[in-house]
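Below is one structure, written out as structure tokens; comments come after it.
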Amino acid sequence: MSLMRTPDERFANLPGWLFTPQYVDINGARVHYVDEGQGDVILCLHGEPSWSYLYRNMIPLIAAKNRVIAFDWIGFGRSDKYSELGDYSFAMHHDTLVAFIEQLDLRGITLVCQDWGGIIGLAVATELAERFARLVIMNTGLPTGDRPMGQGFMQWREFAERTGRDLEPGRLLAISSVNAPADEILAAYDAPFPDASYRAGVAAFPLLIPLNLDDPGA
């Protein structure tokens, strides 16, 4: 396994991003998270092909009365990135989240999750139920491989498989939004990926959804 690390200067002066980076080592990879405020734990998990920047406007509001933690999956944001698609698996992401929760000894968690943040986060919440208090579920689900995925998802999966590492988060956000964000916001979503070599995690995520009962994660 070969790890890559996005240069820190890529994250300088991003609009709305004023948070101090925090890191924890998990199986040799540096995993980034934001940790703001005090009180009940609100754990925010992003999806594909985003990073914790997604929650930039929510973090200050939540942190006014709670402890908000926004985590970057390996392959995204300021977390380290494996260079090869084969290094990404459902189990790797699942085990990373479990290790993160246990290392920080998070309890009474309110899980805020969308997209892949829910696909993995909800599975972990059922396994570590004693650590979770509430679920806030947005645009996600728990695919189990026992029923067909919708046509829309299969079209997205086929597009992602064709595009591979050329899938640029900013461009995808621009073409999929009703009102495209400003150019500097789109650039912030691209900040973790200086070039295509950093985007193995982006390319891999859509291919990890279990489609059959014997697929990992089902």
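For the single chain, residues carry numbers from 1 onward in sequence order.
- Nearest heavy-atom pair, Trp156 versus Pro206, reported as atom, atom and distance to 0.1 Å: CZ2-CG, 3.8 Å.
- Sorted by first and then second residue, the pairs that involve residues 162-190 and meet side chain to side chain donor-acceptor pair (under 3.5 Å), not counting sequence neighbours, are Arg56-Tyr189.
- In summary, of the residues considered (Val136, Ile62, Val68), a side chain to side chain contact (heavy atoms under 4.5 Å, CB included) with Thr110 occurs for Val136 alone.
- Atom CD of residue Glu36 and atom CG of residue Leu18 lie 9.5 Å apart, to the nearest 0.5 angstrom.
- Side-chain contact between Leu173 and Pro181 is present, with heavy atoms from C-beta onward closer than 4.5 Å.
- Here Trp17 and Tyr55 keep their ring centres 6.0 angstrom or further from each other.
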Going by atom type alone, with no hydrogens or angles, which donor-acceptor pairs under 3.5 Å involve a side-chain atom of residues 113-125 and a protein atom two or more places apart or on another chain?
{"residue": "Gln114", "atom": "OE1", "partner": "Gly47", "partner atom": "N", "Å": "2.7"}
{"residue": "Asp115", "atom": "OD2", "partner": "Glu48", "partner atom": "N", "Å": "2.8"}
{"residue": "Trp116", "atom": "NE1", "partner": "Phe205", "partner atom": "O", "Å": "3.3"}

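- At least one donor-acceptor pair under 3.5 Å links the side chain of Tyr88 to the backbone N or O of Tyr82.
- A distance of 9.5 Å separates CZ in Phe11 from CD in Glu9, rounded to the nearest 0.5 Å.
- The CG atom of Leu128 sits 10.0 Å away from atom CZ of Arg107, with the distance rounded to the nearest 0.5 Å.
- The neighbour count for Asn13 CG, taken as heavy atoms of other residues, nucleotides or ligands under 6.0 Å away, does not exceed 12.
- In this structure, the side chains of Pro194 and Pro7 come closer than 4.5 Å at one or more pairs of heavy atoms.
- Taking Thr140 as the reference, nothing meets the side chain to side chain donor-acceptor pair (under 3.5 Å) condition, with sequence neighbours excluded.
- Note on Leu97: it clusters hydrophobically with Leu135, by side-chain heavy-atom contacts below 4.5 Å among ILVMFWY residues.
- Remark: side-chain polar atoms of Thr96 are paired, donor with acceptor, to backbone N or O of Met92 under 3.5 angstrom.
- Scored by the side chain to side chain contact (heavy atoms under 4.5 Å, CB included) test, Leu106 finds Val41, Arg67, Ile69, Phe100, Ile101, Leu104, Ile109 as partners (sequence neighbours excluded).
- Residues Leu85 and Leu172 fall into different hydrophobic clusters, defined by Ile, Leu, Val, Met, Phe, Trp and Tyr side chains chained together at heavy-atom separations under 4.5 Å.
- Nearest heavy-atom pair across Gly28 and Leu3 is O-CD1, 3.4 Å.
- Taking CE from Met4 and CD from Glu84, the interatomic distance works out to 9.5 Å, rounded to the nearest 0.5 Å.
- Taken to the nearest 0.5 Å, the CG atom of Asp146 stands 10.5 Å off from the CG atom of Asn212.
- Taking the six-membered ring for Trp and thresholds of 30 and 60 degrees, Phe90 and His94 have nearly parallel ring planes, at less than 30 degrees apart.
- The two residues Gly170 and Leu186 come nearest to each other via the heavy atoms O-CD2, 3.5 Å.
- Taking each heavy atom of Leu207 and Arg157 in turn, the nearest pair found is O-NH2, 3.5 Å.
- Atom CG of Asp25 is surrounded by more than 12 heavy atoms from other residues, nucleotides or ligands within 6.0 Å.
- With hydrophobic clusters built from ILVMFWY side chains whose heavy atoms lie under 4.5 angstrom apart, Met138 does not share a cluster with Leu61.
- Among residue pairs with one or both ends in residues 195-211, those qualifying as side chain to side chain donor-acceptor pair (under 3.5 Å) are Asp195-Ser197; sequence neighbours excluded.
- Taking SG of Cys44 as the start and CG of Leu111 as the end, the distance is 8.5 Å to the nearest 0.5 Å.
- By the rule that hydrophobic residues join a cluster once side-chain heavy atoms approach within less than 4.5 Å of another member, Met58 and Leu54 end up as members of one cluster.
- The salt bridge (charged side-chain N to carboxylate O under 4.0 Å, His left out) analysis of residues 127-140, with sequence neighbours excluded, yields the pairs Asp105-Arg131.
- For Ser79, the side chain to side chain contact (heavy atoms under 4.5 Å, CB included) test picks out Val31, His32, Asp72, with sequence neighbours left out.
- At a threshold of 4.5 Å between non-hydrogen side-chain atoms, the residues Phe153 and Ile209 count as touching.
- For the side chain to side chain contact (heavy atoms under 4.5 Å, CB included) test, no residue two or more places apart in sequence or in another chain qualifies with Pro148.
- Arg30 pairs by the side chain to side chain contact (heavy atoms under 4.5 Å, CB included) definition with Arg5, Asp8, Tyr23, Asp80, not counting sequence neighbours.
- Ring geometry, Trp51 versus Tyr53: the interplanar angle falls under 30°, so the pair is classed parallel (tilted spans 30 to 60°).
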Would Val34 and Phe71 satisfy side chain to side chain contact (heavy atoms under 4.5 Å, CB included), going step by step from the backbone distance to the final call? CA-CA 7 Å; Val34 168; Phe71 156 98; over 6 Å; no
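- Between Ser83 and Ala200 the shortest heavy-atom distance is O-CB, 3.7 Å.
- The nearest pair of heavy atoms linking Ile26 to Ala99 is CG2-CB, 3.8 Å.
- Lys81 places a side-chain N or O within donor-acceptor distance of the main-chain N or O of Gly77, the cut-off being under 3.5 Å.
- By the criterion of side-chain heavy atoms lying less than 4.5 angstrom apart, applied directly or through intervening Ile, Leu, Val, Met, Phe, Trp or Tyr residues, Leu211 is grouped together with Leu208 in one hydrophobic cluster.
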